[in-house]
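Here's the structure, in structure tokens; my notes come after.
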Amino acid sequence: MVPKPIKGLFKSKPRTPVDVVRQTRELLTWVDSSSNADRGPRLQEKMAELSKLIREMKSILYGSSEAEPVPEACGQLTQEFFKGNTLRLLVMCLPKLDLEARKDATQVVANLQRQQIHSRLIAADYLEANVDLMDILISGYEDPSIALHYGAMLRECIRHQSIAKYVLETHLRKFFDYIQLPNFDVSSDAAATFKELLTRHKSTVAEFLSKNYDWFFEEFNKKLLESANYITRRQAVKLLGDILLDRSNTAVMVRYVGSKDNLRILMNLLRESSKSIQIEAFHVFKLFAANQNKPPEIVSILIANRSKLLRFFGNFKLDKEDGQFEADKAQVVREIAALEPRDR
């Protein structure tokens with residue numbers, strides 16, 4: 001009698017999180033160094049295996065519909081991932097991956113920014129030692145095929161204050177152009193990153209704006225607030241309000257509302273046909289009106305336009321009742337009505 005084979009005896013052992021990362025790294029290294037001559041069935045096979053491994057990393061980190069992620073497995077994966085140059089390889093090889101693998105890779109990178117090992121975010125340590133990866137991610141805005149994936153990765157990386165500081169100081173100027181790119185999806189993504197850079201880390205932003213006030217607001221006014229594009233203007237005036245009304249930026253706000261050029265731009269925005277732009281412009285304009293140390297030229301402009309402004313605010317209403325808005329508007333009207341000329 002022939003003995004029956006024991007089921008599962010020769011089944012391969014499931015891959016450990018460390019195995020998954022190592023095999024991913026090996027394949028990424030091969031893909032990164034492969035030339036056009038390597039194209040063909042072998043490349044397709046390797047790319048299919050790579051996509052499968054990236055999906056496996058995602059399921060370890062996020063869990064599945066059947067199981068929650070296991071903290072120990074997540075920790076092992078995170079440590080192995082940042083031991084080597086897996087993140088660099090993944091970023092460099094992203095353009096070669098198919099769309100689903102790119103999405104999975106982006107989610108893996110996002111999750112790893114939050115994984116703590118012994119109460120430390122080791123992703124931050126890795127990125128601080130490899131800040132040039134931010135240069136690569138930012139350059140992605142120049143290639144629509146990868147811009148959204150690199151943009152999503154970038155926003156996750158700037159969760160770390162030191163990395164946000166590097167991007168602010170090294171690359172922020174480029175965003176004034178990226179926000180105006182003709183591709184709507186890419187320009188919207190760049191605007192989302194720009195907003196995140198200027199609102200997430202309060203102390204870093206306040207220091208940056210104080211040091212770079214002149215060029216920053218010159219670009220902000222000219223390229224964004226006075227843009228021909230309605231969406232750009234709307235997003236910019238909303239962001240300006242968020243920046244100036246943040247207590248961390250009080251010194252910057254005081255400087256901004258002391259400028260007659262800035263006042264002129266805001267008064268033009270109040271005259272827009274779009275109600276949403278008018279409302280956001282009002283939230284900034286009220287800071288000019290509330291300033292108790294208005295320079296004489298600001299007072300002169302407000303007095304010269306007093307009757308128009310009072311008439312405008314008399315008819316300026318929200319679609320829904322808002323007590324705070326009405327109180328702010330009444331205060332602005334009082335301030336403007338009470339103005340008297342000052343000696344220059």
Side-chain angles (χ1 to χ4, degrees), residues 12-64 69-118 120-140 143 145-146 149-160 163:
S12 58
K13 278 170 62 183
R15 289 187 277 220
T16 67
V18 171
D19 291 337
V20 174
V21 176
R22 284 181 183 162
Q23 288 170 33
T24 303
R25 189 158 57 231
E26 283 164 19
L27 272 179
L28 284 168
T29 304
W30 186 87
V31 170
D32 187 43
S33 60
S34 65
S35 64
N36 289 334
D38 293 316
R39 294 189 183 281
R42 186 153 178 258
L43 179 66
Q44 287 177 339
E45 190 185 308
K46 297 260 191 190
M47 294 306 282
E49 177 60 18
L50 180 56
S51 296
K52 193 173 156 193
L53 284 161
I54 294 170
R55 201 174 316 122
E56 204 170 328
M57 284 198 291
K58 186 178 103 170
S59 69
I60 292 168
L61 292 168
Y62 287 92
S64 63
V70 178
E72 191 185 351
C74 293
Q76 290 168 2
L77 189 151
T78 305
Q79 283 184 292
E80 184 61 35
F81 192 93
F82 289 114
K83 251 187 212 168
N85 59 346
T86 319
L87 180 58
R88 179 175 296 277
L89 285 165
L90 197 54
V91 168
M92 299 304 290
C93 293
L94 198 83
K96 297 181 181 180
L97 302 178
D98 65 34
L99 184 60
E100 283 309 308
R102 287 181 191 183
K103 286 181 185 172
D104 289 343
T106 303
Q107 288 182 280
V108 166
V109 170
N111 187 292
L112 288 168
Q113 304 313 309
R114 300 170 169 82
Q115 291 288 341
Q116 293 194 10
I117 305 294
H118 308 307
R120 279 188 70 78
L121 290 165
I122 63 169
D125 298 337
Y126 177 87
L127 290 172
E128 282 170 19
N130 295 271
V131 284
D132 65 298
L133 281 176
M134 298 305 100
D135 310 346
I136 297 165
L137 292 178
I138 288 163
S139 69
D143 179 353
S145 69
I146 54 168
H149 301 107
Y150 274 8
M153 285 186 182
L154 178 61
R155 281 191 295 283
E156 293 297 335
C157 293
I158 60 176
R159 293 170 67 86
H160 310 299
I163 303 308

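As a basis for the values below, the full set of heavy atoms in this structure was taken, side chains included, without hydrogen atoms, waters or symmetry mates.
Going from atom CZ of Arg55 over to atom CD of Gln107 covers 12.0 Å, rounded to the nearest 0.5 Å. Interatomic distance, CE of Met57 versus SG of Cys74, reported as 12.5 Å (0.5 Å rounding).
Minimum interatomic distance between Thr106 and Ala152 (heavy atoms only, all atoms of both residues): CG2-CB, 3.5 Å. Closest non-hydrogen pair, Phe81 versus Thr86, comes out as O-OG1, 3.2 Å. Between Glu49 and Leu27, the shortest heavy-atom distance links the atoms CG-CD1, 3.5 Å.
Residue Met92 places its CE atom among 12 or fewer non-hydrogen atoms of other residues, nucleotides or ligands, all under 6.0 Å distant. Within 6.0 Å of the NZ atom in Lys52, the count of heavy atoms belonging to other residues, nucleotides or ligands does not exceed 12.
Side chain of Asp98 to main chain of Ala101: a donor-acceptor pair is present (N/O by atom type, distance under 3.5 Å, no hydrogens or angles). The backbone N or O of Val31 sits less than 3.5 Å from a side-chain atom of Lys96, completing a donor-acceptor pair. At distances below 3.5 Å, at least one donor-acceptor pair connects side-chain atoms of Arg25 with backbone N or O atoms of Glu80. Judged by distance alone, the side chain of Gln113 and the main-chain N or O of Val109 form a donor-acceptor pair under 3.5 Å.
There is a side-chain donor-acceptor pair under 3.5 Å between Asp19 and Thr16. For the residue pair Asn111 and Gln115, a side-chain donor N or O sits within less than 3.5 Å of a side-chain acceptor on the partner.
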